[in-house]
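The chains referred to below are lettered A, B, ... by the order of the sequence lines, with proteins before strands, and numbering in each begins at 1.
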2 protein chains.
Amino acid sequence: MNKFETKHWTSDTVAADLEHAIHEHRLPPGTKLGEDELAEAYGISRTIVRAALLALSHRRLVELKRNRGAFVAQPTVRDAREVFEARALLEPRTAHSAAERMTDEDLALLRSNIASEHEALDAGENGRALFLSGQFHAEIARIADQTTVEGFISELISRSSLIIALYWRRRAALCETQAHHALLEAFANRDGALAEQLMKSHLLDLVASLDLRNVTQPPTSLREALKR
Amino acid sequence: MNKFETKHWTSDTVAADLEHAIHEHRLPPGTKLGEDELAEAYGISRTIVRAALLALSHRRLVELKRNRGAFVAQPTVRDAREVFEARALLEPRTAHSAAERMTDEDLALLRSNIASEHEALDAGENGRALFLSGQFHAEIARIADQTTVEGFISELISRSSLIIALYWRRRAALCETQAHHALLEAFANRDGALAEQLMKSHLLDLVASLDLRNVTQPPTSLREALKR
DNA sequence: GTATACAATCTTGCGTGCAAGGCTGCGTCC
DNA sequence: GGACGCAGCCTTGCACGCAAGATTGTATAC
């Protein structure tokens, strides 16, 4: 597997590619990301790989264990609660701002995102659907035009994909279609207060779909998994 | 200048040391951070320096310009507004949580912080006072026991120190003594609602002390500074 | 069959050196 | 004196190789 040897990979593009793969659950939590393996896959030296992994560790998507290697992060139950609490602090106000700044182009893009997510689901591409679902939120943050908060939300959304991989218990689609449609309606009406309220509800709904009972942590090794 | 050759510097400790120096305004915005220079100063190779600089760039404290080098970041007026808006979203609720979780040890630590800040001011050590003032906020975030939000707040506080370096217009001490004391009182009474309200006011007061009129950006070079 | 010790192999940590790009200084021309 | 071009030097980008640490496999003892 040598990915697109003709493409010029930088640490930023490698990090983004890996993040995308993590987001789509192609690289599940706990996956080992070996430097040599990645260097060979991307056709670059380990120097660039290391920089990419460092970047991902700063976003909490990858855990670097000294002398052991890099692994896709495995958020704890506590991490999960924290991430959604942080989202609850940031995203409702962001949705409010987005509604007030919404352009027709923005609206069209959000609609297109929902349609693409449906297509992905219909095609059985759950990873892609998850990514697009997260992108809906990321786009709202972008439209709100506050890059500092957008950066935080972007990180939280990516981390959410890991949490969903580990703790999602609902069989249905990831974000309820109805919730995204209702938000779209509020945006179309430039109704900030409604958008804010809907985003609050939507995030609560997401948390409710996670199995965060005080169960033991996800198994981190075969030994642990076989203990039961 | 070879700093403590006997000490074993890692990229994490170098990054922390640089961040501390930035926070205390010993490394002002715009300062060039050359790889070779830092490597010699810390007695390490450039490899470690690069990792440290990369870490600081992820915290927005350092700007990496390709083929040109690393520079202490220079937040724009827009950045300044964004940072304090983000703080306004996160810190009041965090103060509320901290009040509810406050222990006597926590209280003592916050008191000690205020006292140390006063000592620094009396000794004319404004940089140190600024750092301690920021630490007061960071401690509140730590006490609130939500590490995800704490991480964001920590980054925002550090970035605030750069903003203060560029845009602070008040002659008085950095955070009004009265504001920190009032918060301490609310914490002593475990009054979450009051702590939340006081933190909101405090942050508004901080923003009001910044000169964020739509003036031209801070000069980024001698040429620009001499244009007037 | 199980436990332990040790050697071999694999992977990471990180120093070093070379190529590429940017900056500065000098010389020339107008 | 000012503008422009070019060479030389400085700094960054990043590949590579070696040392250190972790993991795995094998042999031995009970």
Subject >> Set of residues satisfying side-chain hydrogen bond (donor to acceptor under 3.5 Å, both in side chains) with respect to A:E82, sequence neighbours excluded >> reply: A:R78, B:T147, B:T148
Original post:
Could you state the NZ-P distance from A:K32 to C:dC10, rounded to the nearest angstrom?
Top reply: 13 Å
**OP:** Check the side chains of A:E24 and A:H20 for a donor-acceptor pair under 3.5 angstrom, ignoring hydrogens and angles.
**Re:** yes
Original post:
What class does the angle between the rings of A:H137 and A:H202 fall in, given that below 30° is parallel, 30 to 60° is tilted and above 60° is perpendicular?
Top reply: parallel
Subject >> Spacing of B:D12 atom CG relative to C:dC14 atom P, expressed in whole Å >> reply: 10 Å
Original post:
What integer distance in Å separates B:E40:CD from D:dT11:C1'?
Top reply: 14 Å
Subject >> side-chain hydrogen bond (donor to acceptor under 3.5 Å, both in side chains) partners of A:S154, counting only residues at least two apart >> reply: A:R59
Original post:
Sub-3.5 Å donor-acceptor pair from the side chain of B:R81 to the main-chain atoms of B:L212, do we have one?
Top reply: yes
Subject >> Parallel, tilted or perpendicular: rings of B:F131 and B:H23 (30°, 60°) >> reply: perpendicular
Original post:
Who are the side chain to side chain contact (heavy atoms under 4.5 Å, CB included) partners of A:A120, not counting sequence neighbours?
Top reply: A:E125, A:R128, A:A129, A:L132
Original post:
What's the CD-P distance between B:E35 and C:dT16, to the nearest Å?
Top reply: 15 Å
Subject >> Proximity to DNA chain C (any heavy atom under 4.0 Å), residues of residues 46-70 of chain A only >> reply: A:R46, A:R50, A:R66, A:N67, A:R68, A:G69
**OP:** Provide, to the nearest angstrom, the distance between the CD atom belonging to A:E37 and the P atom belonging to C:dT12.
**Re:** 9 Å
**OP:** Mind checking side chain to side chain contact (heavy atoms under 4.5 Å, CB included) for A:D79 and listing every partner two or more places apart, or none if nothing turns up?
**Re:** A:P75, A:T76, A:R159
For nucleotides 6-9 of chain C, which of its nitrogen or oxygen atoms have a protein nitrogen or oxygen under 3.5 Å away, and what is each distance?
none

